[in-house]
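Shown next, in structure tokens, is the structure this report addresses.
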Amino acid sequence: MASRRFSKGVTSLVLLSSLASPSFAGGLERGGYNIDLLFDNSRFAVQSGATYVMPQRKLKNVKDTDATDGLGTNGIGGGSTTADDTEDYWVPYLGVKVGLGDSIDCMGDFSTPFGAHTNPGADWLGVNDNIETKISTRNYGATCSYRFDMGPGQLRLIGGGFYQTVDGFKTRLVAPITGAAALVYDGTGRLDLADQAMGWRAGIAYEIEEYAFRASLVYNSKVKYDDLTGTVDLTEVPKAVNPANPYLGVVTPVYGSAEAPDSVELKLQSGIAPDWLAFGSVKWTNWSVLQSIAFCPKATKGVVACSASSQLTSLDLFYRDGWTISGGVGHKFNEQWAGALSLTWDRGTSQGYGAQTDTWTLGAGVSYTPVENVEWRLAGALGIMTGGESGTYVYNGRTYGNDVSYSFGDDLLAALSTSVKVRF
């Protein structure tokens, strides 16, 4: 049997452990969606935190698959056969929860649920595929719940919405530049994109506070970016490369559409002994909505449909659905200190194109409560991104990935996370 104090102290470590581990999930997952603050027992609570993630994906055995296209780093297929692909990144979070009466709880939060940053640079054999790609999101959410007695516990109905923005860019080598022209042009092209859209969530939870028991099931909707706009900058590629191509040497406004995936997450936790808690979760994310995202000249909008046959460029992902399974145990040592351990498996979303393979992560965290209404958390995680290879991929009858191939071994990843919660 667990007291209310036990529920406050140890169950909060479910959030503590998850702050590091989900940051390694597949697709474009960063912080994901997190509404755990909604369950805080206090009338008012504020939580702020950040996670610093350090993936170490290294590409090797790189081959310029079609050396005749002259798109190596020296214009004739040259370049390094290895590259450091990933960049470190921060995942911030800010949430405010307010209890309204005895039955209604509401929270607002800011997060960065999705993102990506690969930066193999301009000196590897795959420079015609990618020099640097970065995608960022910002999410502003509002979620409320209504709870009422049912059996030995309480049933909670959850609903809310969120406003989300996205922006990003990709640079790659478009054409080799040699001779005197190389003093003026570098042959690279850049895609910039941005949009904003709305989403919603709905869920249900059942809680028995006496046993620190909670089961929750939450659905987060797709976010439909139907008005992705941006530019393709080819000013570093002179028209002399191909005088018949009207897009060389200029900046062209483009448009497209994409979807951030919907997801369903089941979370369970329960006290298993005095001051001990077991927890786990299963999450499905619909990453397969992101395949090849076409960007077409804005001047053609309404004239022809934007597709692979009419695109100026594309952002190629070719993800499959993601699954994340996590489990762990937490322990309250005394009135001030508690700790937790978790193990997470995330199924890779790449399908032979790209470097997102299965990930195993061990997370650990501690919680320190110097006074009843202040809680400080520190967590860390170590994991392995399993090895694999990237090459060609056929989608809708077209072959992608035939410009470069590479392999990668089992690579390490790490993260550190800290947060402070204040309750009233």
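Source: prediction; values computed, not measured.
- Summarising the geometry, atom CG belonging to L317 is positioned 5.0 Å from atom CD1 belonging to I293; distances are rounded to the nearest 0.5 Å.
- For Y52 and W90, the ring centers sit closer than 6.0 Å to each other.
- Rounding to the nearest 0.5 Å gives a distance of 14.5 Å between CH2 of W323 and OG1 of T349.
- Comment: K58 does not engage D411 in a salt bridge, judged by the lack of any side-chain N to carboxylate O separation of less than 4.0 angstrom.
- The nearest pair of heavy atoms linking K97 to L38 is CE-O, 3.8 Å.
- Taking NZ of K224 as the start and CG of D262 as the end, the distance is 9.5 Å to the nearest 0.5 Å.
- Between D167 and R138, at least one side-chain nitrogen of the basic residue sits less than 4.0 Å from a carboxylate oxygen of the acidic one, meeting the salt-bridge criterion.
- Applying the disulfide bond (SG atoms under 2.5 Å apart) test to pairs two or more places apart or on separate chains, those with a residue in residues 101-131 are C106-C144.
- A salt bridge does not link D105 with R43: every distance from a Lys NZ or Arg NE/NH1/NH2 to an Asp or Glu carboxylate oxygen is 4.0 Å or more.
- The heavy-atom pair separating D403 from D64 by the smallest distance is O-OD1, 3.2 Å.
- Classification of the F110-Y140 ring pair by plane angle, with boundaries at 30° and 60°, yields tilted.
- The distance from the CD atom of E29 to the OG1 atom of T285 is 5.5 Å, given to the nearest 0.5 Å.
- Relative to the ring axis of Y89, R30 places its NZ or CZ within 45° and under 6.0 Å from the centre.
- R320 places a side-chain N or O within donor-acceptor distance of the main-chain N or O of G348, the cut-off being under 3.5 Å.
- A side chain to side chain donor-acceptor pair (under 3.5 Å) with E207 is found for one member of R156, Q269, Q154, R147 and no other, namely R156.
- One finds a salt bridge joining K421 and D40 here, because a Lys/Arg side-chain nitrogen approaches an Asp/Glu carboxylate oxygen to under 4.0 Å.
- Note that the CG atom of N220 and the OH atom of Y33 stand 6.0 Å from one another [nearest 0.5 Å].
- Of the possible donor and acceptor atoms, one in the side chain of D195 sits under 3.5 Å from a partner among the backbone N and O of L228.
- The two atoms that bring T300 and P297 nearest to each other are OG1-O, 2.7 Å, heavy atoms only.
- The minimum heavy-atom distance linking A45 with L37 is given by the pair CB-CD1, 4.2 Å.
- Using the six-membered ring where Trp is involved, F114 and W287 have ring planes that are perpendicular, over 60° apart on the 30 and 60° scheme.
- Proximity of the aromatic rings of F295 and Y255 is defined here by a centroid distance below 6.0 angstrom, and this criterion is not met.
- A salt bridge does not link E265 with R201: every distance from a Lys NZ or Arg NE/NH1/NH2 to an Asp or Glu carboxylate oxygen is 4.0 Å or more.
- Partner of T324 under the side chain to side chain donor-acceptor pair (under 3.5 Å) criterion, chosen from T344, T359, D346: D346.
- Sorted by first and then second residue, the disulfide bond (SG atoms under 2.5 Å apart) pairs with a member in residues 249-303 read C296-C306; sequence neighbours excluded.
- Between E375 and R377, at least one side-chain N (NZ, or NE/NH1/NH2) sits under 4.0 Å from a carboxylate O, which counts as a salt bridge.
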